[in-house]
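For reference, the structure is listed below as structure tokens.
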Amino acid sequence: MKKNDIKSMNKIKGALYGFAIGDAIGATTEFLTAGQVRNRYGSIDDMIGGGWLNLNPGQVTDDTQMMLCVMRAIMKSFYEDLGLTFLQYCKSEFIKWLDTNPIDVGNQCRKAILSLKADEKKIFQEIDNDALGNGSLMRAVPCAIISKLDYNTQQGKLTHNNEICTSLIRYYHIVLENLLYSDGPYFSIEMDENEHFWPSNPSGHAVDTFYNCLYWYKFTHTFEDAVLSAANNGGDADTIAALTGGLAGAKYGFDSIPKKWVDKLDKNVVEEIEQFVQFLLDLQEIITNKKEV
Ligand SMILES: [Mg+2]
């Protein structure tokens with residue numbers, strides 16, 4: 001975290017809740033085309049569950065579950081004196097998570113985590129330029145919150161080791177970190193509001209996912225509009241709406257997120273997010289006290 005972070009807590013909570021809420025809302029329309037969403041729902045304007053995973057309203061998918069793994073790894077690496085690194089904790093959390101037989105897991109993540117489990121010493125995957133799904137990008141929020149870019153690119157390589165996925169994590173991290181801790185400019189990528197721009201196919205390819213989330217965050221004006229627009233566009237809607245929600249939550253703040261969605265969100269997810277928020281507040285206090293000594 002950077003200075004003035006307590007003031008940023010509304011934005012930090014916005015990013016965390018925004019991500020999980022985007023996942024829960026987008027899961028309803030995952031794998032549908034925008035036309036199929038229109039035919040089936042007219043327009044999604046609430047957190048209703050269902051979708052191909054037949055979720056309860058407020059239930060999240062692998063995106064949030066893996067983000068929580070990274071959050072737990074960060075906290076353990078700060079506080080548990082077991083001599084393990086952030087990456088070792090991250091690996092261990094991914095393996096524990098896969099062992100719970102999660103409701104959904106991407107093919108590359110499953111393959112990579114099983115290979116980590118099979119080899120005690122293994123951390124990074126072998127370089128694989130074809131592993132271009134969004135499974136590592138979707139875990140980028142927590143390390144951006146603690147301003148650890150190296151942690152973020154490394155956690156990505158646990159499952160997706162190639163320059164494209166690493167670069168996208170880096171871009172997302174920088175955009176989110178700037179939203180949280182600076183007054184802008186938020187983009188190094190120029191995007192003209194007047195220019196006709198439509199995101200590419202909302203697929204699970206990491207590049208498509210990245211541009212889609214950037215688009216919905218940038219060309220909407222409220223948290224609600226950003227997340228619902230991403231969800232109504234279908235495709236890999238849970239991941240795209242989650243990553244959009246992370247950015248929009250940071251931009252507009254936790255206070256801007258409709259309370260009915262926070263109330264409906266899975267209680268275990270809320271509990272874990274709140275633990276992380278408390279961890280950040282404690283960390284801030286430690287940093288402040290150290291400066292005073
Ligand atoms: Mg998912």
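Only heavy atoms go into these numbers, but all of them, side chains included; no hydrogens, no water, no symmetry mates.
Formation of a donor-acceptor pair under 3.5 Å by the Glu177 side chain with backbone atoms of Ala144 is not found in this model. Side chain of Asp23 to backbone of Thr61: a donor-acceptor contact under 3.5 angstrom is found. Looking at Thr64, its side chain never comes within 3.5 Å of a backbone N or O of Val60 through a donor-acceptor pair. With hydrogens and angles ignored, the 3.5 Å screen pairs no side-chain donor or acceptor of Lys91 with any backbone N or O of Leu158. With hydrogens and angles disregarded, no donor-acceptor distance shorter than 3.5 Å links the side chain of Asn233 to the backbone of Ser229. Judged purely by atom type and a 3.5 angstrom limit, Asn232 uses its side chain to pair as donor or acceptor with the backbone of Leu228. At distances below 3.5 Å, at least one donor-acceptor pair connects side-chain atoms of Gln88 with backbone N or O atoms of Thr85.
Side-chain contact between Ser43 and Arg38: absent, with no pair of heavy atoms (C-beta onward) separated by less than 4.5 Å. Looking at Phe86 and Cys143, their side chains come closer than 4.5 Å, going by heavy atoms from C-beta outward. Put simply, the side chain of Phe124 reaches to within 4.5 Å of the side chain of Leu87, judged on heavy atoms. Looking at heavy atoms from C-beta onward, Glu272 lies in side-chain contact with Arg72 at the 4.5 angstrom threshold. A 4.5 Å side-chain heavy-atom check between Asp62 and Met138 finds at least one atom pair inside the cut-off. Contact annotation: the side chain of Tyr171 never approaches that of Leu214 to less than 4.5 Å [non-hydrogen atoms, C-beta and beyond]. No side-chain heavy atom of Asp266 sits under 4.5 Å from any side-chain heavy atom of Asn56. At a threshold of 4.5 Å between non-hydrogen side-chain atoms, the residues Trp97 and Leu68 do not count as touching.
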Apply side-chain contact (heavy atoms from CB on, under 4.5 Å) to residues Cys213 and Tyr172 and explain how you reach the verdict. CA-CA 10 Å; Cys213 82; Tyr172 188 87; 4.0 Å; yes

Side chain to side chain donor-acceptor pair (under 3.5 Å) evaluation trace for Lys157 with Thr166: CA-CA 7 Å; Lys157 291 179 187 173; Thr166 302; 4.9 Å; no

Checking side-chain contact (heavy atoms from CB on, under 4.5 Å) for the pair Met71/Leu16: CA distance, chi angles, key distance, verdict? CA-CA 10 Å; Met71 269 173 29; Leu16 293 165; 4.0 Å; yes

Pair Asn134-Thr209, side chain to side chain donor-acceptor pair (under 3.5 Å): steps then yes or no: CA-CA 7 Å; Asn134 55 26; Thr209 297; 2.9 Å; yes

After noting the C-alpha distance and the side-chain angles of Trp261 and Asp46, does the key distance pass the side chain to side chain donor-acceptor pair (under 3.5 Å) rule? CA-CA 8 Å; Trp261 291 348; Asp46 206 354; 2.7 Å; yes

Gln278 vs Asp282, test: side chain to side chain donor-acceptor pair (under 3.5 Å). Steps then yes/no. CA-CA 6 Å; Gln278 189 55 51; Asp282 293 346; 2.9 Å; yes

One pair to check against side-chain contact (heavy atoms from CB on, under 4.5 Å): Met66 and Val105. What are the steps and the verdict? CA-CA 9 Å; Met66 292 198 85; Val105 50; 5.7 Å; no

Run Leu179 and Tyr217 through side-chain contact (heavy atoms from CB on, under 4.5 Å) and show every step you take. CA-CA 11 Å; Leu179 281 168; Tyr217 146 71; 3.2 Å; yes

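The side-chain contact (heavy atoms from CB on, under 4.5 Å) with Thr29 is formed by just one residue from the set Asp238, Ile44, Asp236, Ile240; it is Ile44. Considering Thr159, Asp63, Asn152 in turn, Thr159 is the only one that fulfils the side-chain contact (heavy atoms from CB on, under 4.5 Å) rule with Arg139.
Note that CD1 of Ile48 is 8.5 Å distant from NZ of Lys264, once rounded to the nearest 0.5 Å. Interatomic distance, CG of Leu243 versus CH2 of Trp216, reported as 15.0 Å (0.5 Å rounding). To the nearest 0.5 Å, the span separating SG on Cys90 from CD on Gln154 amounts to 10.0 Å. Taking NZ of Lys11 as the reference point, atom OG of Ser256 lies at 10.0 Å (rounded to 0.5 Å). Between the CD1 atom in Ile113 and the CD atom in Gln108 there is a gap of 10.0 Å [rounded to 0.5 Å]. Gln155 CD to Ile74 CD1: the interatomic distance, rounded to the nearest 0.5 Å, is 8.5 Å.
Counting only residues at least two apart or on different chains, the ring pair (Phe, Tyr, Trp, His ring centres under 6.0 Å) pairs with a member in residues 50-77 are Phe31-Trp52. Each salt bridge (charged side-chain N to carboxylate O under 4.0 Å, His left out) pair with one or both residues in residues 158-174, not counting sequence neighbours, appears once here: Glu163-Arg170.
Within the 6.0 Å centre-distance limit, the rings of Phe276 and Phe279 are counted as a close aromatic pair. Between Tyr252 and Phe223, the distance separating the two ring centers is not shorter than 6.0 angstrom.
Within 6.0 Å of the CG atom in Asn107, the count of heavy atoms belonging to other residues, nucleotides or ligands does not exceed 12. Within 6.0 Å of NZ on Lys259 lie no more than 12 heavy atoms contributed by other residues, nucleotides or ligands.
Of all heavy-atom pairs between Asn161 and Glu126, the closest is CB-O, 3.7 Å. The two residues Ala231 and Gly26 make their nearest non-hydrogen contact at CB-CA, 4.0 Å. Residues Val269 and Ala20 come closest through the heavy atom pair CG1-CB, 4.0 Å. Contact record, Ile169 with Ser136: CD1-OG, 3.7 Å, taken as the closest heavy-atom pair. Heavy-atom minimum distance, Ala131 versus Asn162: O-ND2, 2.8 Å. Here the shortest heavy-atom pairing between Gln125 and Ala112 reads NE2-O, 3.3 Å.
Asp208 and Ser203 form a side-chain donor-acceptor contact under 3.5 Å, judged by distance and modelled atom types alone.
Note on Val141 and Phe78: same hydrophobic cluster, where clusters join Ile, Leu, Val, Met, Phe, Trp and Tyr whose side-chain heavy atoms are under 4.5 Å apart, directly or indirectly. Criterion: ILVMFWY side-chain heavy atoms under 4.5 Å apart, direct or through other members. Under it, Leu149 and Leu283 are not part of a common hydrophobic cluster. Side-chain heavy atoms closer than 4.5 Å link hydrophobic residues (I, L, V, M, F, W, Y) into clusters, and following such links, possibly through other members, connects Leu180 to Val227. The hydrophobic clustering, which links ILVMFWY residues whose side-chain heavy atoms are closer than 4.5 Å, places Tyr79 and Ile145 together. In the hydrophobic cluster analysis, where Ile, Leu, Val, Met, Phe, Trp and Tyr join through side-chain heavy atoms closer than 4.5 angstrom, Leu281 is grouped together with Tyr181.
A salt bridge links Asp99 with Lys117: the closest approach of a Lys/Arg side-chain nitrogen to an acidic carboxylate oxygen falls below 4.0 angstrom.
For the salt bridge (Lys or Arg N to Asp or Glu O under 4.0 Å) test, residues two or more places apart in sequence or in another chain that qualify with Lys13 are Glu274.
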